[in-house]
Number of protein chains: 2
Amino acid sequence: MEISPSMPIREPVEGIPGDRALGDLERLASVARYGIGETVYRFNDPSEYWFRILSGAARKSTLTGDGRRHIVDFILPGDMFGFDAAECRQFCVEAIAPGTLIARYPCRSAERLADSDPQIARIVREAAFESITRLQRRMVTLGRTSALEKVSTFLLEMADRYHTAATHTVLLPMSRYDIADYLAMAVETVSRTLTELRARHTIALGAVRQVRICNRGALEEVADRLTEPGSSAPRDLTRIASSPMPPAAKSPRGIHHQRCNDRWGR
Amino acid sequence: MEISPSMPIREPVEGIPGDRALGDLERLASVARYGIGETVYRFNDPSEYWFRILSGAARKSTLTGDGRRHIVDFILPGDMFGFDAAECRQFCVEAIAPGTLIARYPCRSAERLADSDPQIARIVREAAFESITRLQRRMVTLGRTSALEKVSTFLLEMADRYHTAATHTVLLPMSRYDIADYLAMAVETVSRTLTELRARHTIALGAVRQVRICNRGALEEVADRLTEPGSSAPRDLTRIASSPMPPAAKSPRGIHHQRCNDRWGR
DNA sequence: CGCGCCATTGACAGGTGTCAAGAAACGTGG
DNA sequence: CCACGTTTCTTGACACCTGTCAATGGCGCG
């Protein structure tokens with residue numbers, strides 16, 4: 001029994017909302033609604049389902065031995081999740097927004113369907129690739145050393161994932177604690193950093209979780225780009241990489257050490 | 001031409017070494033040998049190939065705007081990589097061991113093959129799932145705050161990935177700088193931490209990159225587990241999670257704040 | 001209303017990045 | 001084989017950032 005015991009609704013599936021057409025895969029789905037904090041699956045549960053979130057939000061997290069929590073991923077509408085190579089769940093997933101809608105696909109049936117329908121197989125494959133892309137980009141975020149970088153990158157990520165170009169305002173579904181555990185820093189530092197960004201007039205805070213991006217340029221400046229791939233100037237990395245460590249303006253010396261292509265063409 | 005211009009060898013593919021049977025996929029492959037530092041693909045290259053590393057090692061990295069480097073993944077024998085959802089490469093991959101052998105599969109042909117052969121599709125899908133699993137586990141590593149935790153987790157990861165249970169000695173293919181950029185910390189700290197671990201007799205250093213794990217228990221203690229899923233005691237997370245923040249011995253208060261299932265069953 | 005949870009702010013110490021210097025390892029060429 | 005330059009690795013000193021502890025206010029909810 002891996003689904004929350006209190007899971008109330010089980011809608012007959014016809015016309016699942018969402019931006020991606022899953023074709024026959026939808027007929028395997030059952031949809032459930034989750035309240036805040038309700039568990040979608042637990043650590044060590046058997047990996048028997050794939051999931052897709054239709055509305056709301058969820059967090060995928062783990063607890064370390066000393067009782068600290070780390071959030072591996074925020075799951076937003078349209079995302080597929082639960083692609084685990086292992087037999088058992090390595091993480092647990094809980095809803096963080098009220099009335100979060102999640103579709104569930106039995107692995108085995110879905111696999112069988114994928115075996116018979118290349119179209120399905122392709123959809124699943126691409127969903128998995130998207131997960132990889134998201135995780136890798138997130139990796140870079142976590143790799144940032146300063147709190148300002150992390151939080152700025154996080155805000156940009158949320159803005160992008162919510163396609164909030166129009167109004168420039170994001171309504172964060174997660175608490176400061178969640179953000180802290182997501183960025184691997186203390187809550188207090190998250191709070192302080194947001195205050196700092198507000199003081200700089202880079203962002204404005206309406207309700208506590210309502211962030212308006214006043215100066216996206218400044219935010220990207222701090223976040224150091226790489227958050228969004230398709231931006232204007234892809235930045236010529238080869239130049240930076242191949243030159244023997246250029247001054248690079250006010251480079252904080254930082255984490256980069258070896259030039260990218262040493263011993264090139266040896 | 002995204003492959004290194006100096007790529008010397010192109011073996012006729014028959015009987016690619018490696019631990020996984022790729023079936024007909026192998027007929028699409030071309031294998032090349034790379035020297036240290038040679039580029040497999042670059043940032044912004046079109047994503048036209050999938051890859052599989054047969055021997056040696058490689059790093060997948062990115063450069064931030066201020067010239068720092070972050071290594072997203074170390075790629076070891078058996079790993080498939082290059083699964084990008086985007087049209088262009090978000091990262092660059094370079095060999096870090098001499099004579100690294102890498103097989104290359106054209107995406108389009110491979111996709112076509114996967115469409116016609118469910119077996120192939122399944123193999124690719126599972127390889128992608130494995131990437132996800134590895135990335136997620138790595139996420140947790142990066143989420144660690146202390147240098148000791150990070151380095152310990154890293155050493156355990158390398159030991160596991162090299163299946164080095166027998167001799168307890170790992171020969172790291174990467175430099176300290178690579179490790180630093182992988183763990184998002186300064187080289188000096190990596191060095192200091194290794195020295196510290198040696199002082200504790202947790203590890204021993206033969207050659208500089210030759211690490212012998214003297215006290216795996218201590219290493220796991222510091223790394224806080226979660227690095228390897230299938231260890232003896234999976235640690236009952238539910239207990240920790242559902243109780244209202246137990247004292248948890250000498251809990252450093254840390255990153256964990258909210259109990260896992262608040263408002264459970266609402 | 002009062003109890004949790006969430007969010008913010010302050011004070012402080014410890015850890016880690018930074019700068020600097022030197023030792024060790026490696027490859028190359030004499 | 002040795003000399004030499006380059007790269008890698010280590011160690012030290014110091015300042016700053018961020019985690020920790022503590023206290024307060026706001027907010028939702030029973």
Side-chain angles (χ1 to χ4, degrees), chain A residues 35-37 66-68 70 96 98 143-151 172-181 183-199 205-211 222 244-245 250-259 261-263 266, chain B residues 35-37 66-68 96-98 143-151 172-181 183-199 205-211 222 244-245 250-264 266:
Chain A
I36 290 182
D66 57 357
R68 305 190 306 191
H70 189 233
I96 55 178
R144 302 312 172 93
T145 48
S146 95
L148 265 174
E149 286 175 336
K150 281 186 182 177
V151 173
L172 301 176
M174 69 290 286
S175 73
R176 299 284 193 267
Y177 291 87
D178 287 333
I179 299 176
D181 293 352
L183 298 177
M185 43 195 277
V187 210
E188 296 91 333
T189 309
V190 173
S191 198
R192 264 188 276 267
T193 307
L194 287 172
T195 306
E196 167 70 17
L197 285 174
R198 190 184 52 189
L205 299 176
V208 208
R209 302 193 182 178
Q210 188 184 30
V211 180
V222 179
M245 197 57 183
K250 38 128 193 169
S251 163
R253 174 178 172 282
I255 294 196
H256 171 255
H257 308 278
Q258 184 189 20
R259 59 187 196 274
N261 300 319
D262 48 343
R263 311 189 204 182
R266 87 195 277 266
Chain B
I36 291 181
D66 57 357
R68 305 189 303 190
I96 55 178
R144 302 312 171 91
T145 47
S146 95
L148 265 175
E149 286 175 337
K150 282 186 182 177
V151 173
L172 301 175
M174 69 290 287
S175 72
R176 299 285 193 267
Y177 290 88
D178 287 333
I179 299 175
D181 293 353
L183 298 177
M185 44 195 277
V187 209
E188 295 91 332
T189 309
V190 173
S191 197
R192 263 188 276 266
T193 307
L194 286 173
T195 306
E196 167 69 17
L197 285 174
R198 191 186 51 189
L205 299 175
V208 208
R209 302 192 182 178
Q210 188 183 30
V211 180
V222 180
M245 196 60 183
K250 38 130 196 170
S251 163
R253 174 180 172 283
I255 293 198
H256 170 257
H257 307 280
Q258 185 188 20
R259 58 185 196 275
C260 198
N261 300 320
D262 50 341
R263 309 190 205 182
W264 170 264
R266 84 193 279 263

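Chain letters run A, B, ... following the sequence lines, proteins first and then strands; every chain starts at 1.
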Grab the [atom1]-[atom2] distance between [X] and [N] for me, whole Å please.
X        : N      : atom1 : atom2 : value
A/Glu196 : D/dC17 : CD    : P     : 10 Å
A/Lys150 : D/dC17 : NZ    : C1'   : 12 Å
A/Ile36  : D/dC29 : CD1   : C1'   : 12 Å
A/Arg144 : C/dG17 : CZ    : P     : 15 Å
B/Leu197 : D/dT10 : CG    : P     : 12 Å
A/Asp181 : D/dG19 : CG    : P     : 11 Å
A/Met185 : C/dG15 : CE    : P     : 19 Å

What I'd like to find out is whether the side chain of B/Asp178 reaches to under 4.5 Å of the side chain of B/Ile96, using heavy atoms alone.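 Result yes, sub-4.5 Å side-chain heavy-atom pair found.
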Can you find a heavy atom in the side chain of A/Lys150 that is under 4.5 Å from one in the side chain of A/Thr145?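 No - every pair of side-chain heavy atoms lies 4.5 Å or more apart.
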For the student: nearest non-hydrogen atoms of B/Ala97 and B/Ile36, plus distance: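 So the minimum-distance heavy-atom pair works out to C-CG1, 3.7 Å.
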Distance (rounded to the nearest 0.5 Å) between B/Arg176 CZ and B/Thr189 OG1: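 Nearest 0.5 Å value for the CZ-OG1 distance: 13.0 Å.
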Check side chain to side chain contact (heavy atoms under 4.5 Å, CB included) between A/Ser191 and all other residues, then give those that pass, not counting sequence neighbours.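 Applying side chain to side chain contact (heavy atoms under 4.5 Å, CB included) to A/Ser191 gives none.
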Please list, chain by chain and in numerical order, all residues satisfying side chain to side chain contact (heavy atoms under 4.5 Å, CB included) with B/Ser146, sequence neighbours excluded.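 B/Leu148, B/Glu149.
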Tell me, please, which residues at least two apart from B/Glu196 pass side chain to side chain donor-acceptor pair (under 3.5 Å).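 For B/Glu196 the side chain to side chain donor-acceptor pair (under 3.5 Å) partners, ignoring immediate neighbours, are B/Arg200.
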Audit row: B/Leu172, B/Ile179, side chain to side chain contact (heavy atoms under 4.5 Å, CB included) steps and yes/no: CA-CA 10 Å; B/Leu172 301 175; B/Ile179 299 175; 4.1 Å; yes
Using a cut-off of under 3.5 Å, enumerate the N/O to N/O pairs linking the protein to nucleotides 8-10 of chain C.
unit_1, atom_1, unit_2, atom_2, d
C/dT8, OP1, A/Arg176, NH2, 3.2
C/dT8, OP2, A/Arg176, NE, 2.8
C/dT8, OP2, A/Ser191, OG, 2.8
C/dT8, O5', A/Ser191, OG, 3.0
C/dT9, OP2, A/Thr195, OG1, 2.5
C/dG10, N7, A/Arg192, NH1, 3.1

Five-pair end axes of the helix from C/dC1-D/dG30 to C/dG30-D/dC1, angle between them (10°):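 Roughly 50°, once rounded to the nearest ten degrees.
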Here's a test of your reading of the structure: between B/Arg209 and A/Ser146, which maps to the more 5' nucleotide of DNA chain D?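 Here B/Arg209 is the residue nearer the 5' end.
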Determine whether A/Val151 and A/Met185 satisfy the following criterion, side chain to side chain contact (heavy atoms under 4.5 Å, CB included), listing intermediate values before the conclusion. CA-CA 10 Å; A/Val151 173; A/Met185 43 195 277; 3.9 Å; yes
